[in-house]
Colleague: 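Mind having a look at this structure? Questions to follow.
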Amino acid sequence: MSAQVTEAAPEALGLTGDDLLAMYRAMLTARLIDEAALRQNRMGRAPFVVPVSGHEGCQIGTGWALRPGTDVWVPYYRDLGIVLRAGLTPYEFFLGLFSKADDPSSGGRQMPNHWGSRRLKILSHSSPIATQVPHAAGIAYAARYRGDDVVVGCWFGEGATSEGDWHEGVNFAAIHRLPVIFVCENNEYAISVHQTKQMAVRDVATRADGYGIPGRVVDGSDVLACYAAMREAHDRARAGEGPTLVECKTYRFLPHTSDDDDKTYRSREEVEEHRHHDALIRFGALLRERGILDDAGAEELRDQLKDEIDAAIQAAWDAPDPDPQTALRHVFAEDGP
Amino acid sequence: MSAQVTEAAPEALGLTGDDLLAMYRAMLTARLIDEAALRQNRMGRAPFVVPVSGHEGCQIGTGWALRPGTDVWVPYYRDLGIVLRAGLTPYEFFLGLFSKADDPSSGGRQMPNHWGSRRLKILSHSSPIATQVPHAAGIAYAARYRGDDVVVGCWFGEGATSEGDWHEGVNFAAIHRLPVIFVCENNEYAISVHQTKQMAVRDVATRADGYGIPGRVVDGSDVLACYAAMREAHDRARAGEGPTLVECKTYRFLPHTSDDDDKTYRSREEVEEHRHHDALIRFGALLRERGILDDAGAEELRDQLKDEIDAAIQAAWDAPDPDPQTALRHVFAEDGP
Amino acid sequence: MTEKNLVTAIRDTLHEEMAEDDRIVLLGEDVGARGGVFKVSEGFLDEFGPGRVIDTPLAESGIVGIAIGMAMDGLLPIAEIEFADFIHPAFDQIVSEAARMRYRTAGDWGVPMVIRAPCGGGIHGALYHSQSIEAFYAHVPGLKVVMPSTPADAAGLLRTAIRDPDPVLFLEHKKCYRLITGDVPDGADLIPLGPADVKRGGDDLTVVSYGYELHRCLDAAERLATEEGIEAEVVDVRTLAPLDTETILASVRKTSKVVVVYEDNRTYGAGAEIAATIAEEALFDLDAPIVRIGGPDIPAMPYAAALEHFYMEPEPDRLVRAMRDLARS
Amino acid sequence: MTEKNLVTAIRDTLHEEMAEDDRIVLLGEDVGARGGVFKVSEGFLDEFGPGRVIDTPLAESGIVGIAIGMAMDGLLPIAEIEFADFIHPAFDQIVSEAARMRYRTAGDWGVPMVIRAPCGGGIHGALYHSQSIEAFYAHVPGLKVVMPSTPADAAGLLRTAIRDPDPVLFLEHKKCYRLITGDVPDGADLIPLGPADVKRGGDDLTVVSYGYELHRCLDAAERLATEEGIEAEVVDVRTLAPLDTETILASVRKTSKVVVVYEDNRTYGAGAEIAATIAEEALFDLDAPIVRIGGPDIPAMPYAAALEHFYMEPEPDRLVRAMRDLARS
Ligand SMILES: Cc1ncc(C[n+]2csc(CCOP(=O)(O)OP(=O)(O)O)c2C)c(N)n1
Ligand SMILES: Cc1ncc(C[n+]2csc(CCOP(=O)(O)OP(=O)(O)O)c2C)c(N)n1
Ligand SMILES: [Mg+2]
Ligand SMILES: [Mg+2]
């Protein structure tokens, strides 16, 4: 059965005050980038924006259990928090938002949020949903084949679990007990389609049993619970015990993308209600309780991050656009076989 | 959880002695057709044969719970027992085996065992594995949409459950609580690939939970247990309670097809061991115990069926081949829109 | 006659047909509460109910496979693929199942189904919201492939497609959705699947195209006519499969010069079949080599404005120049 | 040089390459204990172990998707699709992922992977064990599509494909597996992906083909040469994508007459691109219309012997007649 994982004390998880502060900083950075990106969209400088707001907690919570530089990240478009944890900078994010030549993910070829960086071990991700799940299994197989101490994290929405590729990828990883963690960011909607029209179960994690792997359900607004579940999965993976399916119950505060109008399919009350469970508020409170960050410090941090982001936007906006002729490049390797 | 269903008394299941005799007759017919078809193959008259031997018990057991003429059959190539139950005659089977013009399934266009008949409510089935699972869901949706009292039976091997289509079809049926029964004939192998390389679970039925539907595991050599599980699923379907996943543990006594050499992937001892659990023997013993059929009667029945089959073979062999020019027909409806 | 844009013509036709015939059901992602990402089914859920307007899970192969089952049992399903780029997971269900069903049963079973897919680029959709997919499917026996370029054609062809006893892939170019407006007959107008349509008459050369490119060809033709007196005949293929070779060949025989224009990447694209057919059937009627203009052989189409523009227009006035050169040759 | 049949050439090449480079892994259905349904990997499981010879679940999209992941992380996966007819569920992984990976990352990531698929008919395989799939994939930028017709080509092209940094779809015609034998160089011979090969010289007409049909063209050419003194030049395309237009055009310019022959159903088939290219580049070199011979536009290919034979040979001596008529025209 899929078990519920609940909040644990940071100490028990081996997290220092600095760790907690760094996690909060990452969450806040994601939130502020979101707000800034939407401003750029309204200014007409960013045709397309994919919001993260609401998912920061489960992204930073789960992402923190992986080792940047060692582990492999297989995120989806909603995962700004994950790629920040992996090492993507705000400047690099805005290069992608403005589809500039130096966009590390695609050189301006893909939509924003279609991450990818060999340097950061972030797998390139496309628009078709769930195609990355078999990729994650294949990478985990390759790492295990070589005996590398590598764990693969693979993130997706609950909508992705309806695709055949999700089923085929998870099943293969389970059969071979591969070092991969499947993380479902369940925000109840696939664009407008509510979970109840996507599956007849309450928890995606219920599916884990059918593949012979453990399933975990965590409150996505409980950053430490997300971290704890992911840490456990990470330990299992490194111990050769195979994949884990971690489901984070979360919510998207904003429309699906800047092209979406979510008023057509969910009430403002519903959205408001969920904003009360904002992981950013909850985690901020925890830091206050523990005297890690007071109100003044929080304000200062926010201002500092805003300045960084504004600088990043300016620099990215001034960066060169791709040269039209380069559209013909990289269909195949340029050095040749 | 998926529950184990075991043998029940025929009376409790509402089966009369005549029913049991008819079921035995159907199983024996399938077995004898198998043997005859392989003889035709060795004689060079049938290039391709798909054996059923070993599956007769779970096919007749599950198939008997459906109503010929009312319910819809979505079988796969191994399901000779199912299509006999649906009303296909031995003569029609051999028309298909010899790819004759009057083959009701395809007029000799598809390989043998690629069933299909509008008249008998048998869905046309192709070679690609698991594609029929979403079809079954769609038919159940249409029937429910019209308010018809129809249940759809959908059969497949355990190998089919690895395909994305299986996942997508079962999930949709579960979401809409459609009147469809998914029957897995688990014979441990997908051609040569053992179940342990196909999934990390012992029972396919374990997957039912993840879709929010009940899963049942039955001994495929226990005809009445198969019938009981299917009857229960049929009642659920008609009561609007949605799909059931019924897994029958069975075994294929012969190679995958006449092109296969199963010695490469399983021992003779393993095959022999399973032959001891032949449903035909077990069910025959039950009929004897209950004085429904004695040895003499059994012999007589066997001789009678052999004669029928020999006659069917002769008639089918003498039937006309398709006219080459007809190869161009039926790409589109011939009457037009 | 009512003037409307292409997407409205499709919406209205769907609405009229669904109101007429309750065997028609709509299924796809976001077709219900959201009314479709292009608002094609806006309001349908309330009017026709969740039994006929089905928000499906995110699973294209399932969407098509389930629609096939529905179609085999008396319904007339219309499956919407949110973007044509996402139809690929359903390739097997379309090619192996929908398209082969009638043939493999020697006519016993049929699949009267329509698959709608918004396709094409120039709308800032990047690599996965801009693709042309007609070449893959026009090659498949048993499948009809339609791509209207005007609201009237969209309405008339969609209505026929819904009533067709066989599967029809109905491609809607996103760039045409709101950009292209025109008069649409108010009655239940039917346009047969097959016949191409001469959208502009002319004697100097023939232009064969479809979808959004057709409009760019018409614009180029107008410019050449007014500025240089060159009269191009513009043939709208409309139905890729079955392909109306007669209309195309008749025009080519008349003008003796032909350019085939399509948005999809050039090599092995649909224009190849059109050019090949002309080369087989009308070679000695030609005064000049066949000209074929397709997109660059790169995955359609990059996101950055400069790159997307390069895909759509590698050199300025590409069409006008090609047509002029051909007419003058 | 060693004489062997085509399937043995493939087996031996795979074996040599796997023995050489332990980054190469084989995955697919029945490739392990069973050694593949065509025995291509017979004995590999014992020799290379289950870590390198992977019996997968029955899931083609997964097979390709997992191979993509492996390829992105340093392995050189060879994914076997049991029959080309069953590659369709993997269409999205091949088209959207494998083929677009390098382009969408501006070169940052690549997918050095080979997908092997036994294709083609004439082997009593019916509708789902006889298909030609090259037309679907040759159209996809970022993917290379190869179909060898001789054991030597199979060996040399497969070896190159394995070492290619980008995804290669390697098509093996089942009818050629045991029917076609020939000498194969014993060393690690490499044949570049791209160049076509003139398999027979001649001045009277050009025949462009590939796969099993190529051998039927060679037979027809021999008959015409011995019986009627007509010398046909036969060009083996070998690599559908990238397509070697130079070699084809050079031959056409020399003979001024061309027939394009392929097994796949004719309309929108790969032969259309070849014919279209000739019509664009060499129109004025032609003394006769381009002749294109493809299969009937029906789902390949019915099971009954009479029907299958009709697909492969609608009229007796079809090739000889077409070539003779063209040469005489
Ligand atoms: C194969 C495919 N089908 C449809 C789409 C269109 N689409 C983009 S996002 C999305 C919903 C995804 O929902 P979920 O997986 O829950 O992630 P979320 O956006 O909720 O975070 C859909 C249907 C797509 N991108 N790919
Ligand atoms: C999509 C697809 N892939 C591969 C095959 C080749 N194939 C035919 S039967 C089979 C095994 C099926 O096993 P299972 O579903 O367990 O049924 P069983 O034959 O054991 O009754 C395979 C791999 C196929 N027919 N379709
Ligand atoms: Mg979601
Ligand atoms: Mg099996």
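Fair warning: this is a prediction, and the values are worked out from it, not measured in the lab. In the text below, chain A, chain B and the rest are named by the order of the sequence lines, each starting its count at 1.
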Colleague: Any luck finding a side-chain donor-acceptor pair between A:Ser126 and D:Arg100 under 3.5 Å?
Modeller: no
Colleague: Going through the distances and angles, do A:Tyr145 and D:Asp22 end up as a side-chain contact (heavy atoms from CB on, under 4.5 Å)?
Modeller: CA-CA 10 Å; A:Tyr145 177 85; D:Asp22 66 7; 4.0 Å; yes
Colleague: Quick one: does any side-chain atom of A:Arg109 pair with a main-chain N or O of D:Ala106 as donor and acceptor, under 3.5 Å?
Modeller: no
Colleague: With rounding to the nearest 0.5 angstrom, report the CD to OH distance, A:Gln110 to D:Tyr103.
Modeller: 11.0 Å
Colleague: Between A:His114 and D:Arg104, is a side-chain contact (heavy atoms from CB on, under 4.5 Å) present by the stated rule, with each step listed?
Modeller: CA-CA 9 Å; A:His114 287 52; D:Arg104 81 187 189 207; over 6 Å; no
Colleague: Would the distance check show the side chain of D:Gln93 and the main-chain N or O of A:Thr131 forming a donor-acceptor pair, the cut-off being under 3.5 Å?
Modeller: yes
Colleague: Answer with side chain, backbone, both or neither: which region of A:Asn171 has an atom nearer than 4.5 Å to a non-hydrogen atom of chain D?
Modeller: side chain
Colleague: Do you know which of A:Arg119, A:His125, A:Lys121, A:Gln132 has the most heavy-atom pairs with chain D at a distance under 4.5 angstrom?
Modeller: A:His125
Colleague: For the pair A:His176 and D:Ile54, evaluate side-chain contact (heavy atoms from CB on, under 4.5 Å) and give the outcome as yes or no after the intermediate values.
Modeller: CA-CA 10 Å; A:His176 292 273; D:Ile54 307 161; 4.0 Å; yes
Colleague: How long is the gap from CG on A:Leu123 to OG1 on D:Thr105, to the nearest 0.5 Å?
Modeller: 10.0 Å
Colleague: Where on A:Arg329 is there a heavy atom nearer than 4.5 Å to chain D: the side chain, the backbone, both, or neither?
Modeller: backbone
Colleague: Quick check on the interface: out of D:Leu193, D:Leu143, D:Val25, who has the most heavy-atom pairs with chain A under 4.5 Å?
Modeller: D:Leu143
Colleague: Nearest 0.5 Å, what's the CD1-CD distance between D:Ile66 and A:Glu168?
Modeller: 8.0 Å
Colleague: Pick whichever of A:Ala140, A:Ser117, A:Pro134 has the most heavy-atom pairs under 4.5 Å with chain D.
Modeller: A:Pro134
Colleague: NE2/A:His135 to CE/D:Met70 distance, rounded to the nearest 0.5 angstrom?
Modeller: 12.0 Å
Colleague: Tell me, side chain or backbone of D:Pro242 under 4.5 Å from chain A's heavy atoms, or both, or neither?
Modeller: neither
Colleague: What pair of heavy atoms forms the shortest contact from D:Asp92 to A:Pro128, and how long is it?
Modeller: OD2-CB, 3.9 Å
Colleague: Drop me the distance from A:Arg146's CZ to D:Leu75's CG, to the nearest 0.5 angstrom.
Modeller: 6.0 Å
Colleague: For residues A:Val331 and D:Pro141, report the shortest heavy-atom separation together with the two atoms involved.
Modeller: CG1-C, 4.1 Å
Colleague: Would you mind checking which part of A:Leu178 comes under 4.5 Å of any heavy atom in chain D, side chain (CB onward), backbone (N, CA, C, O), both or neither?
Modeller: neither
Colleague: Please flag which part of A:Ala327 lies under 4.5 Å from any non-hydrogen atom of chain D: side chain, backbone, both or neither.
Modeller: both
Colleague: Are the side chain of D:Asp166 and the backbone of A:Phe332 linked by a donor-acceptor contact shorter than 3.5 Å?
Modeller: no
Colleague: Taking all heavy atoms of D:Pro57 and all of A:Phe172, pick out the closest pair and write down the distance.
Modeller: CD-CD1, 4.0 Å
